[in-house]
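In the text below, chain A, chain B and the rest are named by the order of the sequence lines, each starting its count at 1. Remember, it's a predicted structure, so these values are computed and weren't measured experimentally.
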Amino acid sequence: MSVVTRFAPSPTGSLHLGSARTALFNWLFARHHKGTFLLRIEDTDRKRSTEASIKAIFEGLQWLDLDWDQDVVFQCSRAALHAAAAHRLVEEGKAYYCYATLEELENMRAEAKAKGLPPKYNGFWRDRSPQLAPSGVPPVIRLKVPQQGETLINDLVQGSVTVSNTQLDDMVLLRSDGTPTYMLSVVVDDHEADVTHVIRGGDHLTNTFRQLQLYEALGWKAPQFAHIPLIHGSDGAKLSKRHGAVSVNSYRDLGYLQEAICNCLLRLGWGHGDDEIITREQAIAWFDIDHVGQAPARFEFARLDHLNAHYMRTLSDASLLERLIPFLTKPISVPLSDTHRTRLLKGLSGLKRRAKTLVELAENALPYLINAPIPYSLEALNVLCVSENNALIKAVLPLLTTVEWTHAALETCLRTFASDRSIGFGKVAQPLRWALTGCRVSPSIFEVLDTLGRTESVARLKDACQTGEHHG
RNA sequence: GUCCCCAUCGUCUAGAGGCUUAGGACAUCGCCCUUUCAAGGCGGCAACACGGGUUCGAAUCCCGUUGGGGACGCCA
């Protein structure tokens with residue numbers, strides 16, 4: 001039988017990093033086995049589901065390049081089918097109407113807890129005749145879960161996990177307003193879609209005991225389960241909003257590449273020998289759940305930064321530029337002109353080695369995106385107004401008007417200039433750097449000159465001399 | 001409170017009883033390169049949580065302890 005996996009997020013927020021990894025694992029498993037990867041939006045909680053979340057989830061998945069097969073299924077559109085399953089179980093005597101109020105339930109749990117028992121519904125209406133139902137209380141439908149024996153999960157990641165059925169309570173299948181709960185919908189929909197492998201976060205492990213009971217009651221074969229360990233923050237607790245950026249969309253806005261995010265997520269809880277940089281193709285070829293670890297993994301930025309820097313460096317300049325453009329318009333707040341685009345493309349190879357994120361890259365690119373006269377910070381002015389520096393720049397200027405404008409020629413010219421005066425090259429380069437970029441650090445000075453071009457470079461240097469004199 | 005799960009360098013991991021003096025990567029530290037900052041190269045520091053078994057032999061199997069995490073909704 002061909003593999004069918006699914007990613008089934010609830011649209012109550014943007015795509016969480018942990019959910020993204022779940023999606024990635026499901027996607028990879030399906031692609032590896034040449035199976036099917038489905039997307040289902042679990043919007044049975046009408047109060048908390050939002051259009052914005054649905055949009056964010058689609059965006060996130062598309063950005064990560066995780067494509068799904070077949071149409072998206074919106075779970076609430078199938079509510080009638082779910083309700084029918086619940087009513088069938090009532091008819092078969094496997095489920096029943098329960099009239100307990102919210103207050104009563106709260107009391108039951110408190111009472112059980114006080115006695116050192118698991119906090120659960122006590123089965124009050126399990127064997128009572130509905131004739132005794134109080135008037136005006138709309139009932140829920142609960143599953144009759146056997147109270148003897150135990151339930152076993154043969155989990156593909158966690159191994160066999162057993163729980164005593166006394167821990168399980170008669171869960172609600174249909175709410176008093178007639179809408180299905182997650183427990184019911186998930187089972188019905190996974191069954192209808194012929195899902196073969198349910199790969200999801202470890203926080204669902206205990207739900208699986210309940211869902212297994214439901215499969216049993218409905219007389220359906222349960223899929224295989226694989227509960228992957230959760231992603232934790234640097235403090236060891238389940239990754240959540242208080243750890244800072246948590247949605248994939250926010251990582252995109254922080255300037256991370258989808259390749260880096262996927263590679264990073266893939267290596268959280270899974271490994272393939274000594275391989276660290278793993279392409280999409282390799283991931284598909286190598287990924288399988290038997291190598292997924294059982295321990296939760298901490299997410300830390302350092303690794304993501306490193307991977308991101310790597311992927312930025314290896315991307316072609318042309319495609320990196322395309323990804324960089326959305327980050328550029330912010331600081332310069334004007335559309336990219338052709339001159340700037342050409343300049344940037346030329347300077348990108350030196351720039352991309354010096355940044356961890358697109359945001360950082362955009363910041364460093366700023367000197368290429370402005371024209372003389374460029375703004376000088378107080379720190380820059382302090383360098384430029386030193387008379388030796390000013391004189392040095394003045395002395396270099398005539399050379400620059402005649403030298404052949406190539407990286408190699410510029411290098412020869414400036415190095416000769418320095419050695420003729422018996423000064424270290426740094427003494428020449430650093431004032432020039434301040435004058436040309438307004439910054440303490442930049443790519444190689446020859447590269448900066450080459451990238452800016454003769455006209456712009458000379459203009460900046462002339463302006464720097466004037467500005468320096470003025471402040472001196 | 002009840003139940004379930006987990007445990008190799010600071011972090012992510014390799015490890016399927018002898019191939020292990022426990023390997024790689026990130027981070028960190030040092031050196032080289034060098035016009036700044038990076039990148040790159042070379043090297044250093046650094047782990048099998050603890051205690052019992054099983055076995056000729058255990059990071060690997062079993063039990064316990066400790067520590068961490070997760071779940072206990074008419075949320076998903």
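We find that A:D317 and A:K352 are joined by a salt bridge, their nearest charged nitrogen and carboxylate oxygen being less than 4.0 Å apart. Under the 4.0 Å criterion applied to side-chain N and carboxylate O atoms, A:E259 and A:R323 are assigned as salt-bridge partners. Taking the charged nitrogens against the carboxylate oxygens, A:E300 and A:R298 have no contact shorter than 4.0 Å, which rules out a salt bridge. In this structure, A:R415 pairs ionically with A:E411, as a charged nitrogen and a carboxylate oxygen lie closer than 4.0 Å. For A:R78 and A:D189, the salt-bridge test passes: some basic side-chain N is under 4.0 Å from an acidic carboxylate O.
Annotation: B:rA7 and B:rC12 have their C1' atoms spaced 15 Å apart (nearest Å). Using atom C1' as the reference point in both B:rG43 and B:rC48, the two lie 25 Å apart (nearest Å). Separating the P atom of B:rA27 from that of B:rC42 is a span of 15 Å, rounded to the nearest Å. Comparing the same atom, C1', in B:rG30 and in B:rU13 gives a spacing of 26 Å after rounding to whole Å. Rounded to a whole angstrom, the distance from the P atom of B:rU60 to that of B:rA16 is 12 Å. Across the P atoms, B:rG23 and B:rA46 are found 12 Å apart, a figure rounded to whole Å. Across B:rU21 and B:rG68, the matching C1' atoms stand 31 Å from one another, rounded to whole Å. B:rG24 and B:rU65 have their P atoms separated by 37 Å, given to the nearest Å.
Between A:V163 and A:E411, the one whose closest nucleotide on RNA chain B sits nearer the 5' end is A:V163.
If you check every strand for non-hydrogen atoms under 4.0 Å, A:I445 touches a base. At the heavy-atom level, A:S444 lies under 4.0 Å from base atoms of the strands shown. Using a 4.0 Å heavy-atom cutoff across all strands shown, A:G269 reaches sugar-phosphate atoms only and no base atom. Within the 4.0 angstrom heavy-atom criterion, base atoms lie near A:R303. Using a 4.0 Å heavy-atom cutoff across all strands shown, A:P443 reaches at least one base atom of the nucleic acid. Within the 4.0 angstrom heavy-atom criterion, no nucleotide atom of any strand lies near A:F209. A:H16 comes within 4.0 angstrom of no nucleic acid atom, judged by non-hydrogen atoms across all strands. Within the nucleic acid shown, A:Q294 comes within 4.0 Å of sugar-phosphate atoms alone, with no base atom in reach, counting heavy atoms only.
Using cut-offs of 30° and 60° for the angle between ring planes, the A:F58 and A:F74 rings count as perpendicular. The aromatic rings of A:Y251 and A:F301 sit parallel, their planes meeting at an angle under 30°, below the 60° perpendicular limit.
Scanning atom types as modelled, one donor and one acceptor separated by under 3.5 angstrom connect the side chain of A:R433 and the base of B:rU35.
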Distances under 3.5 Å between protein N/O atoms and the N/O atoms of nucleotides 40-49 of chain B, please, pair by pair.
residue: B:rG40; atom: OP1; partner: A:R313; partner atom: NH1; Å: 3.2

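When each of B:rG24, B:rC26, B:rC6 is scored by its nearest atom to the side-chain atoms of A:R267, the top-ranked nucleotide is B:rG24.
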Using a 3.5 Å cut-off and no angle test, enumerate the donor-acceptor pairs between side-chain atoms of residues 5-14 of chain A and protein atoms at least two apart in sequence or in another chain.
residue: A:T5; atom: OG1; partner: A:N26; partner atom: O; Å: 3.0
residue: A:R6; atom: NE; partner: A:D190; partner atom: OD1; Å: 3.0
residue: A:R6; atom: NE; partner: A:D190; partner atom: OD2; Å: 3.3
residue: A:R6; atom: NH2; partner: A:D190; partner atom: OD2; Å: 2.9

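At whole-Å resolution of the value, CZ in A:R298 and P in B:rA25 are 23 Å apart. Residue A:N364 contributes atom CG, which lies 13 Å from atom P of B:rA39 at whole-angstrom precision. Remark: P of B:rA25 and CD1 of A:I278 are 14 Å apart, rounded to the nearest angstrom. Rounding to whole angstrom units, CG of residue A:D305 and C1' of B:rC12 are separated by 14 Å. Here B:rG10 presents its C1' atom at 16 Å from CZ of A:F299, a figure rounded to the nearest Å. Put simply, CZ on A:F425 is 7 Å from P on B:rU35, counting in whole angstrom units. The separation between A:E360 atom CD and B:rA38 atom C1' is 10 Å, rounded to whole Å. One atom, CD of A:E300, and another, P of B:rU13, lie 11 Å apart when rounded to the nearest Å.
Nucleotide B:rU28 is matched to B:rG44 when pairs are restricted to Watson-Crick or G-U wobble geometry with both distances under 3.5 angstrom. When both distances must be under 3.5 Å, the Watson-Crick or G-U wobble mate of B:rC19 does not exist. Nucleotide B:rA59 forms a pair with no other nucleotide shown, judged by Watson-Crick or G-U wobble geometry with both contacts under 3.5 Å. Across all strands shown, B:rU2 pairs with B:rA71; the Watson-Crick or G-U wobble distances both stay below 3.5 Å. Nucleotide B:rU54: unpaired (no Watson-Crick or G-U wobble partner with both distances less than 3.5 Å). The base-pairing partner of B:rU34, taking Watson-Crick or G-U wobble contacts with both distances under 3.5 Å, does not exist among the strands shown. Shown here, B:rA49 forms a base pair with B:rU65; the pair counts as Watson-Crick or G-U wobble because both key distances fall under 3.5 Å.
For the residue pair A:T208/A:R200, the side-chain donor-acceptor check at 3.5 Å is satisfied.
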Item to check | Residues A:L436, A:L461; criterion side-chain contact (heavy atoms from CB on, under 4.5 Å); working and verdict | outcome: CA-CA 6 Å; A:L436 288 165; A:L461 291 177; 3.9 Å; yes

Next on the checklist: A:Y96 vs A:V90, test: side-chain contact (heavy atoms from CB on, under 4.5 Å). Steps then yes/no.
Outcome noted: CA-CA 5 Å; A:Y96 60 94; A:V90 174; 6.0 Å; no

Item to check | Heavy-atom protein contacts under 4.0 Å, nucleotides 70-76 of chain B, coded B base, S sugar-phosphate only, - none | outcome: BSBSBBB

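Geometrically, A:R21 engages A:F25 in a cation-pi contact defined by less than 6.0 Å to the ring centre and at most 45° from the axis.
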